[in-house]
Protein chains: 2
Amino acid sequence: MADVPLDLDAFVCFAIYSANGAFNRAYKPALDALGLTYPQYVTMVALWTQDDVTVGALGDRLFLESNTLTPLLKRLESAGLVTRRRDPADERQVRIQLTDAGRALKVRAKGVPQAISGAFAGADPDDIARLRDEISRLRDALNTR
Amino acid sequence: MADVPLDLDAFVCFAIYSANGAFNRAYKPALDALGLTYPQYVTMVALWTQDDVTVGALGDRLFLESNTLTPLLKRLESAGLVTRRRDPADERQVRIQLTDAGRALKVRAKGVPQAISGAFAGADPDDIARLRDEISRLRDALNTR
DNA sequence: GCCATTTATCTCGCACACGATACAATCGAT
DNA sequence: ATCGATTGTATCGTGTGCGAGATAAATGGC
């Protein structure tokens, strides 16, 4: 078997790593207009889908730990987009709820995904969906080791 | 046209974002053994491919700016893996060179990519290469807007 | 009911990542 | 030769991400 050339282009992880940075750069202008960072944006998307969730449940959805989410959620709280309240039934848990401003932001955020539509110009939507699902499966395979 | 469900699973960017975190977690044990973080590892891979490069050239390869690379390279210098020297011919530039220890690490790092081989178990290598190339093309499309 | 264990969240320290900015070296037009 | 513009790198501030450890609430065995 021939030696594998040790070049960055050969690494799936580097393709993912560098594509992640590219997505961040591409989304930045649209997110700046909303006053959100990318992790804050995906957190809001998760909350727009399902409101009134615990920090832990949100972390499961976003693949993030509480030590990352807690400060992020405090910033969203400072921005007036969410509230953080201890669950009276189980005071260990903190429940995250959207404020009116947080719900209202969903409308203004509607155009954010189109910020990168240029990169998909001319591509078959089914191909994009397939690519997305393959990456998600790879992620799940890595996470369940 | 039907409303697109605003769910994280629908976003290619989130698939990439969460897969990136999964790769980091999967590589961490192997990289801890080398005393490297993931960005430090890809920097070393780039240097193993081509040594004696400027900070800017390295950044082009890694899609990183000098404000990220400079402190990272200083840490690699502190670890004794690289040297940073002003180019006498153009003192604006800093040339990065591997030390003997930096070159020697390449051998110990040989097994790192296999740290995640389990996630690819049973997959066609050609399919993996195709996936990698599609992600790279997507990155390039996003970066050239 | 009591106490060890578990669970959910938080705090802290370190390392990215990047925008904004600073600075010195170089280049270029005159 | 000079000086304004450009280039290459570094510094600073903000916001992730996560490991390690702290804390408080809930649970379970007895």
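Below, read A as the first sequence line, B as the second, and so on, with proteins coming before strands; counting in each chain starts at 1.
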Identify all pairs in which a protein N or O lies below 3.5 Å from an N or O of nucleotides 22-29 of chain C, and state each distance.
unit_1	atom_1	unit_2	atom_2	d
dT26(C)	OP1	E91(B)	N	3.1

**OP:** Scan residues 58-72 of chain A against DNA chain C and write down, sorted by residue number, each residue with any heavy atom closer than 4.0 Å; if none is found, say none.
**Re:** S66(A), N67(A), T70(A)
**OP:** Give, ordered by number, those residues of residues 77-86 of chain A having at least one heavy-atom distance below 4.0 Å to an atom of DNA chain C; if nothing qualifies, reply none.
**Re:** R84(A), R86(A)
Applying salt bridge (charged side-chain N to carboxylate O under 4.0 Å, His left out), can you list everything that pairs with [X], at least two apart in sequence or on another chain?
| X | value |
| --- | --- |
| D100(A) | R103(A) |
| R75(B) | none |
| R92(B) | D90(B) |
| R84(B) | E77(B) |

Please confirm whether the shortest side-chain N or O distance from [X] to OP1 or OP2 of [N] is below 4.0 Å.
| X | N | answer |
| --- | --- | --- |
| T37(A) | dG15(D) | no |
| Y17(B) | dG17(D) | yes |
| K74(A) | dT16(D) | no |
| K28(A) | dG15(D) | no |

When the distance from [atom1] of [X] to [atom2] of [N] is rounded to whole Å, what number comes out?
| X | N | atom1 | atom2 | result |
| --- | --- | --- | --- | --- |
| L73(B) | dT11(D) | CG | P | 12 Å |
| Q93(B) | dT6(D) | CD | C1' | 14 Å |
| L31(B) | dG19(D) | CG | C1' | 15 Å |
| I96(B) | dA10(D) | CD1 | C1' | 12 Å |
| N143(A) | dC18(D) | CG | P | 10 Å |
| N24(B) | dA17(C) | CG | P | 8 Å |

Subject >> Under-4.0 Å salt bridge between D133(A) and R139(A) >> reply: no
**OP:** Just jot down the side-chain hydrogen bond (donor to acceptor under 3.5 Å, both in side chains) partners of T43(A), sequence neighbours excluded, or say none.
**Re:** none
Subject >> Non-neighbouring partners of K28(A) that pass side-chain hydrogen bond (donor to acceptor under 3.5 Å, both in side chains), sequence neighbours left out >> reply: D32(A)
Closest listed nucleotide, where the reference is the side chain of [X] and the choices are [options]:
| X | options | answer |
| --- | --- | --- |
| V94(A) | dA15(C), dC18(C), dC10(C) | dC10(C) |
| Q40(A) | dG17(D), dC16(C), dT16(D) | dT16(D) |
| R75(A) | dT16(D), dC10(C), dT11(C) | dT16(D) |

Original post:
Taking the nucleotide of DNA chain C with the closest heavy atom to each, which residue, R95(A) or G21(A), is nearer the 5' end?
Top reply: R95(A)
**OP:** Please name all residues satisfying ring pair (Phe, Tyr, Trp, His ring centres under 6.0 Å) with Y27(B), sequence neighbours left out, ordered by chain then number.
**Re:** Y38(B)
Original post:
In chain order, what residues pass the ring pair (Phe, Tyr, Trp, His ring centres under 6.0 Å) check against F120(A), with sequence neighbours excluded?
Top reply: none
Original post:
Side chains of D87(A) and V94(A): does their closest heavy-atom pair fall under 4.5 Å?
Top reply: no
Original post:
In chain order, what residues pass the side chain to side chain contact (heavy atoms under 4.5 Å, CB included) check against N67(A), with sequence neighbours excluded?
Top reply: E65(A)
Subject >> Nearest heavy-atom neighbours spanning V42(A) and F14(B) >> reply: CG1-CD1, 4.1 Å
